[in-house]
Amino acid sequence: MAKEGIKLIANNKKARFDYFIEDTYEAGVVLHGTEVKSLRMGKCSIKESFMRIENGEVYIYNMHISPYEKGNIFNKDPLRVKKLLLHKFEINKIVGQIQQKGYTLVPLTIYLKDSLVKMEIGVARGKKLYDKRQDIAKKDQKREAEKDFKVKNL
């Protein structure tokens with residue numbers, strides 16, 4: 001997310017650890033009241049959130065947006081269910097993908113793109129325990145290589 005005009009708000013690292021991300025989509029998020037101000041301050045968590053498709057619409061549950069401290073009566077419930085904005089053909093494609101056994105829809109990142117709140121969502125397949133072990137081993141090897149490189153350059 002180091003592109004011009006994009007500010008990362010929250011990243012779901014656990015989703016990338018627990019799932020193979022097969023396909024990604026960019027969706028808008030329907031927000032009310034002072035939720036955008038809270039997001040601009042980085043007060044959001046998507047770690048425990050999940051998504052459902054209901055009546056041809058995509059909704060995200062358990063996305064926590066902290067109340068804006070100066071918002072008083074305009075603040076909404078922090079765990080309110082939020083609707084995601086996707087084209088109908090994208091929703092139909094997602095429905096076709098997640099109907100396969102073992103696939104689900106997970107939130108990956110939430111960010112500001114040219115002052116609009118966007119969310120990257122992914123169609124994902126769960127990893128087995130041995131897949132997670134392989135990922136950990138690869139990260140350890142990469143970390144050791146970087147450590148050796150730093151030591152040699154000193």
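Keep in mind it's a predicted model, so treat the numbers as computed, not measured.
- Note that the NZ atom of Lys138 and the CG atom of Asp140 stand 12.5 Å from one another [nearest 0.5 Å].
- In this structure, Arg16 and Thr109 approach most closely via the heavy-atom pair NH2-CG2, 4.5 Å.
- Within the model, atoms CD1 of Ile98 and OH of Tyr103 stand 12.0 Å from one another, a figure rounded to the nearest 0.5 Å.
- The CE atom of Met119 sits 10.0 Å away from the OH atom of Tyr111 when rounded to the nearest 0.5 Å.
- By the neighbour-count criterion of 12 heavy atoms within 6.0 Å, atom CD of Glu22 is densely surrounded, having more than that number from other residues, nucleotides or ligands.
- In this structure, Lys118 NZ and Ile9 CD1 are separated by 12.0 Å, a value rounded to the nearest 0.5 Å.
- Taking 4.5 Å as the limit, every side-chain heavy atom of Val29 sits out of range of all side-chain heavy atoms of Leu39.
- Here the straight-line distance linking atom NZ of Lys82 with atom CG of Asn62 works out to 9.0 Å at 0.5 Å rounding.
- Just one residue in the list Ile46, Ile121, Asn11, Ile21 forms a side-chain contact (heavy atoms from CB on, under 4.5 Å) with Leu108, and that residue is Ile21.
- Residues Lys113 and Ile6 are in side-chain contact: their nearest non-hydrogen atoms beyond the backbone lie under 4.5 Å apart.
- A 4.5 Å side-chain heavy-atom check between Val36 and Arg40 finds at least one atom pair inside the cut-off.
- No side-chain heavy atom of Val81 sits under 4.5 Å from any side-chain heavy atom of Ile60.
- Closest approach of Tyr25 to Gln97, counting heavy atoms only: OH-OE1, 3.2 Å.
- When hydrophobic clusters are built by joining Ile, Leu, Val, Met, Phe, Trp and Tyr residues whose side-chain heavy atoms come closer than 4.5 Å, directly or via intermediates, Ile53 is grouped together with Leu86.
- Two residues are said to be in side-chain contact when any heavy atoms from C-beta on lie closer than 4.5 Å; Met63 and Ile65 meet this criterion.
- When the shell of 6.0 Å around OH of Tyr19 is examined, it contains 12 or fewer heavy atoms from other residues, nucleotides or ligands.
- Tracing side-chain contacts under 4.5 Å through hydrophobic residues (I, L, V, M, F, W, Y), one never reaches Leu116 starting from Leu85; they form parts of separate clusters.
- Linking Ile, Leu, Val, Met, Phe, Trp and Tyr residues whenever their side-chain heavy atoms come within less than 4.5 Å places Val95 and Val123 in a single cluster.
- The closest side-chain heavy-atom distance from Glu35 to Cys44 is not below 4.5 Å.
- Asp23 is listed as a side-chain neighbour of Lys93, based on a closest heavy-atom distance under 4.5 Å.
- Between the CZ atom of Arg52 and the OG1 atom of Thr104 there is a distance of 10.5 Å, given to the nearest 0.5 Å.
- Counting only heavy atoms from C-beta outward, the side chains of Val106 and Asn12 never approach each other to under 4.5 Å.
- Partner of Leu84 under the side-chain contact (heavy atoms from CB on, under 4.5 Å) criterion, chosen from Glu57, Glu26, Met51: Met51.
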